[in-house]
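Here is the structure we will look at, set down as structure tokens.
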There are 2 protein chains.
Amino acid sequence: MSERLLRHSIKTVSERTGLSPHLIRAWERRYETIQPQRTDGNQRLYCEKDIERLTLLKRATESGHPIRTVARLPIEELRGLAPQLPAGDRSMMGTQPSQSSSGGPRSTRTGPELVESALQAITSMNASALESVLEEAVLSLGQVAVLSHVIGPLVQRVGDGWQAGTLKVGHEHLASAVIRTFLANAARPFAVHASAPMLVATTPSGQVHEIGAALVAAAAANKGWRITYLGPSLPAEEIASAALQSHARAVALSLVHPADDPQLPEELRRIQRLLPDSTTLIVGGAAVGSYERTLRQIGARVCRSLNEFSAVLDGLRQGSN
Amino acid sequence: MSERLLRHSIKTVSERTGLSPHLIRAWERRYETIQPQRTDGNQRLYCEKDIERLTLLKRATESGHPIRTVARLPIEELRGLAPQLPAGDRSMMGTQPSQSSSGGPRSTRTGPELVESALQAITSMNASALESVLEEAVLSLGQVAVLSHVIGPLVQRVGDGWQAGTLKVGHEHLASAVIRTFLANAARPFAVHASAPMLVATTPSGQVHEIGAALVAAAAANKGWRITYLGPSLPAEEIASAALQSHARAVALSLVHPADDPQLPEELRRIQRLLPDSTTLIVGGAAVGSYERTLRQIGARVCRSLNEFSAVLDGLRQGSN
DNA sequence: AGAACCTAGACAAGACATGGACAAATACAA
DNA sequence: TTGTATTTGTCCATGTCTTGTCTAGGTTCT
């Protein structure tokens, strides 16, 4: 049967949920939230369902529900509960201080340190080391902060190193592949409601760097948006048609390189023209400055940082929710 | 079972799996993980299957599963263990069980049916539906069979549909993004031992379709190889330098489109020339036929199917272990 | 004979369990 | 406002369990 015979130790569960083993046991003891199976030697064995429940409980507590009020809820109710306060009115917008109260017991490295480690992994062409660094970063900084504090700077550094000649094309490719996958995974955190707004993320024709779009997609997904990710270099008609077909509330474009494409302004105008009024065009990336005039003309929302992008998303959601 | 296969001593097994002889015996004694045949004098004789099982067990324990919980699992379960821990960090993967609970009779669908469903998801630009189909496919067919029975045909169909005009570029991009991520996750099932052979997967300059390379990387990873995945369109010097730096035992190239690049033969020759003799060049993909003469000249291993590719990998591993 | 293996048992490091304690934050009563 | 009770995440002390490694004495292989 599809019954998973697999059971996980409390350590694994801790790593996967982000809850400390102490806390998991405390919740069990105080609220009987879950009663995992035991080994012959009385050690806890958790199944996937238990992990899901703990994850949902973590979400619920982080969004303000006292643990005692949600601990005994059936799992369906927890599922429905989580999206209720997705981004909490609490003060966790830019950075995620909540991590300090729930993070792992490991020594937490800061963003810049992690970026250095990541660069080292790239230089030595060690893909799995790079993955490890990124995973560590998620545990240390949280899913959201990683994007702006590690991935963003890292991409920047790789780009610089490439232009300066200290990194070769192979390094850049390897880094892109790993980061892209990492972001793609980060971009589907959990099942969102069908009512969540849809964002189409891509880059227009000629813009070959897709990491920016992937970054934006991950950020939006973590704010509860549904995502249609289309990769790089898509013609205006395709972008518009995808936006129509998926009933997108917004289209996010990332402009990085080249910064002096004579075709691009017209392409941007075409995109805006083809999009329905109900769909907002958001543009970001290192090269937005070069196309500023066009962007202003067509009335696109320009973002110069991930935080700004997040704010724009919130505004959009606000306006129609 | 009357198969007269090579039998290996515990020392050989130890060297190939990276487990100490002590540990192998301890696992056998404590969990009856495997019961190898014995010589007349009672010494253990292991077959290839035993070695595979031990390798899988090692991966499982290294990725956090307590040995006691996985020791008795059937081998298919061990092989399919990969999707259980896609990223190890992703804060939630609880969405999966929720599906199994709603999908009453789990009628396992066949490869072609799954391909159809996947195409439908692509046509309607529903990325998450596509992901669901792929996940279902893994559960139904297993990690390995999915590659040849679903992903391969699906990529083919998408390519056809694109050329025939029934699918637009946007569809192709969306499908690529999802499949690429799926393969990337499939390609990192576990932390493999440092002694495992390394494969570099990429496509040469001008070959823009990377899915083939990703497919090959996933297949190799599932056979226990370490992977350095470099994405598409890499110059010969970069490929060779990456192979050198990562001490690759093989370099896999995927050729799909264009099939008539006049530059490519010379590029392939350069690659072969720059690679050390200890590194085997393996070439596959829909377009290998068009470059057959060059490939034969330079002595590259040509594969026309995933199965063939797997066989080549086994041969390489055999030859040097 | 010497190297490699076998079994049975021992051992230590680390992971885990339990019960209780504590401090910070919050709620509530005086 | 102050003082007390509750909630909750964290931590400690102590004992148990798990697991990789090792020892000892005998057997098999070459």
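- The phosphate of C:dT18 (OP1 or OP2) has a side-chain N or O of A:R38 nearer than 4.0 angstrom.
- A side-chain donor-acceptor contact under 3.5 Å links A:S124 to the backbone of A:Q120.
- Rounding to whole angstrom units, CZ of residue B:R30 and P of C:dA8 are separated by 13 Å.
- Going from atom CZ of A:R7 over to atom P of C:dA15 covers 23 Å, rounded to whole Å.
- Taking atom CD1 of B:I24 as the reference point, atom P of D:dT19 lies 17 Å away to the nearest angstrom.
- The distance between atom CG of A:L45 and atom C1' of D:dT18, rounded to the nearest whole Å, is 12 Å.
- Residue B:S9 is in sugar-phosphate contact alone, with no base atom involved, counting any heavy-atom pair closer than 4.0 Å across all strands shown.
- Contact annotation: A:Y31 side-chain N/O to D:dT8 OP1/OP2 distance is under 4.0 Å.
- Residue-level contact check: B:P66 touches the backbone only, with heavy atoms under 4.0 Å from sugar-phosphate atoms and none from bases.
- Distance, A:K11 NZ to C:dG14 P: 11 Å, rounded to whole Å.
- Taking atom CZ of residue A:R44 and atom C1' of nucleotide D:dC17, one finds them 13 Å apart after rounding to whole Å.
- Note on B:E48 versus B:R53: no salt bridge recorded, every NZ/NE/NH1/NH2 to OD/OE distance being 4.0 Å or above.
- In this structure, B:I67 atom CD1 and C:dA15 atom P are separated by 17 Å, rounded to whole Å.
- Judged by distance alone, the side chains of A:Q43 and A:R38 never bring a donor and an acceptor atom under 3.5 Å apart.
- Taking atom CZ of A:R29 as the reference point, atom P of D:dT8 lies 13 Å away to the nearest angstrom.
- For A:R25, a side-chain nitrogen or oxygen approaches OP1 or OP2 of C:dA17 to under 4.0 Å.
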Next item on the list: Evaluate the side-chain hydrogen bond (donor to acceptor under 3.5 Å, both in side chains) criterion for residues A:S128 and A:N126: first the C-alpha distance (whole Å), next the side-chain angles of each, then the deciding distance (0.1 Å), finally the verdict.
Entry: CA-CA 6 Å; A:S128 56; A:N126 189 336; 3.1 Å; yes
Next item on the list: At under 4.0 Å between heavy atoms, which parts of nucleotides 23-30 of chain D does protein reach? Answer with one letter per nucleotide, 5' to 3': B base, S sugar-phosphate only, - none.
Entry: B----SS-
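- In terms of position on DNA chain D, the residue among A:T69 and B:W27 whose nearest nucleotide sits closer to the 5' end is A:T69.
- Under a 4.0 Å N-O distance rule, the pair A:R72/A:E28 does not qualify as a salt bridge.
- By the 4.0 Å N-to-carboxylate-O rule, B:E52 lies too far from B:R16 to be salt-bridged with it.
- An OP1 or OP2 oxygen of D:dT19 is reached within less than 4.0 angstrom by a side-chain nitrogen or oxygen of B:R68.
- The closest donor-acceptor contact from the side chain of A:R317 to the backbone of A:K223 lies under 3.5 Å.
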